Structure formats: structure tokens, C-alpha cells
Amino acid sequence: MTGSPTQGIKIVLHPVSDLATAKAMYATLLGMQPQADSPYYVGFDAGGQHIGLVPGGGAQGMTSPVAYWQVPDIEAKLAEVTAAGATVKEPARDVGGGRLVATVTDPDGNVLGLLQDR
């Protein structure tokens with residue numbers, strides 16, 4: 001393989017229906033309070049891993065947690081994985097702070113996220 005390398009899972013987003021309850025449970029699980037805490041997103045940094053809670057994620061099409069793999073070139077990786085059988089679910093978009101994200105589905109319908117920090 002000669003494609004752009006993947007640099008590991010950077011973020012795992014979890015859709016939640018009750019943000020307050022989920023925040024309390026994840027704070028207990030991780031042994032810390034969230035570093036980002038707003039009505040639309042709660043994020044924890046635990047041991048170099050970012051765990052995000054997305055209220056109403058189900059309404060956004062999130063049916064299970066989504067792992068976001070960090071890549072140096074999101075467009076190149078999208079081209080590579082679609083050529084290998086993935087289908088683009090959400091094309092690359094800027095979510096602020098120089099971060100681009102996209103999602104694809106694998107041949108079995110599992111959702112995978114891609115993340116590029118500029």
C-alpha cells in the first residue's frame with residue numbers, strides 16, 4: 001500500500017439522548033470532568049483520547065459511536081477508501097479550528113470517521 005497513512009483514532013463520538021445523565025456517567029467512568037461542556041457537545045480528554053458526547057446524535061443519523069481516524073490528507077484518504085469499497089456518508093467539512101471531518105460507511109454499513117487537523 002502506498003496511500004496516505006492513518007495516524008490512529010483521535011476522537012470517538014457517542015450519540016446520547018440525555019446529555020446530563022451521559023455526562024455524569026462518563027465523568028464517573030473516566031474519573032474526570034469534561035474539558036468541553038456545552039448544550040450541544042461535551043468532550044473529555046482521557047489519556048490522549050478524546051471522547052465526545054453528542055446530544056440528539058440519533059437525529060443526525062448517528063446510531064452508534066463513531067471513531068474518527070486522524071489522517072494527514074482527508075481528501076486523499078477519502079479517495080483511497082472509496083476506491084477500496086467505502087461509500088462517502090458525509091464529505092469533508094470544516095468544523096472550526098482548522099479541523100476537517102468526513103464519514104464513510106464500510107461495505108457492511110459501519111460508519112467510520114476521518115479527521116484532518118490543518
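Every value quoted in this text rests on a predicted model; they were computed, and no experiment measured them.
The CD atom of E75 sits 11.5 Å away from the CD atom of E80 when rounded to the nearest 0.5 Å. In this structure, L19 CG and L53 CG are separated by 6.5 Å, a value rounded to the nearest 0.5 Å. To the nearest 0.5 Å, atoms CD1 (I11) and CG (L115) are separated by 5.0 Å. Here the CD1-CG distance, from I51 to L13, works out to 9.0 Å after rounding to the nearest 0.5 Å. The distance from the CD1 atom of I74 to the CD atom of Q116 is 6.0 Å, given to the nearest 0.5 Å.
No path of Ile, Leu, Val, Met, Phe, Trp and Tyr side chains, each step under 4.5 Å between heavy atoms, connects V95 with F44, placing them in separate hydrophobic clusters. Under a hydrophobic-cluster definition in which Ile, Leu, Val, Met, Phe, Trp and Tyr are linked whenever side-chain heavy atoms come within less than 4.5 Å, directly or via other members, V54 and Y68 are assigned to the same cluster. Hydrophobic clustering of Ile, Leu, Val, Met, Phe, Trp and Tyr side chains at less than 4.5 Å, counting indirect connections, unites V104 with V71. The hydrophobic cluster containing V12 does not contain V101, counting ILVMFWY residues as joined when their side-chain heavy atoms lie under 4.5 angstrom apart, directly or transitively. In the hydrophobic cluster analysis, where Ile, Leu, Val, Met, Phe, Trp and Tyr join through side-chain heavy atoms closer than 4.5 angstrom, V111 is grouped together with M62.
Side chains of P39 and P55 form no contact here, defined as non-hydrogen atoms less than 4.5 Å apart. Under the 4.5 Å side-chain criterion, counting only non-hydrogen atoms from C-beta, D73 is not in contact with K77. Annotation: side chain of N110 is not in contact with side chain of T105 (no heavy-atom distance under 4.5 Å).
Put simply, the side chain of D18 gets close to the backbone of A20: a donor and an acceptor are under 3.5 Å apart. Using modelled atom types, one side-chain atom of T82 and one backbone atom of A79 make a donor-acceptor pair closer than 3.5 Å.
Heavy atoms only, all atoms of each residue included: G85 and P107 are closest at O-CG, 3.8 Å.
Taking the side-chain contact (heavy atoms from CB on, under 4.5 Å) definition, one finds that P91 meets it with V88, sequence neighbours left out. The side-chain contact (heavy atoms from CB on, under 4.5 Å) check on E90 picks up R93, T103, with sequence neighbours excluded. Partners of A46 according to the side-chain contact (heavy atoms from CB on, under 4.5 Å) rule, which considers only residues two or more places apart in sequence or in another chain, are L30, M32. Residues forming a side-chain hydrogen bond (donor to acceptor under 3.5 Å, both in side chains) with K10 (at least two apart in sequence, or on another chain): none. By the ring pair (Phe, Tyr, Trp, His ring centres under 6.0 Å) test, Y26 is found to be paired with H14, residues two or more places apart in sequence or in another chain being considered. Remark: D117 pairs with Q70, R99 by the side-chain hydrogen bond (donor to acceptor under 3.5 Å, both in side chains) rule, at least two apart or across chains.
Atom CD of Q49 is surrounded by more than 12 heavy atoms from other residues, nucleotides or ligands within 6.0 Å.
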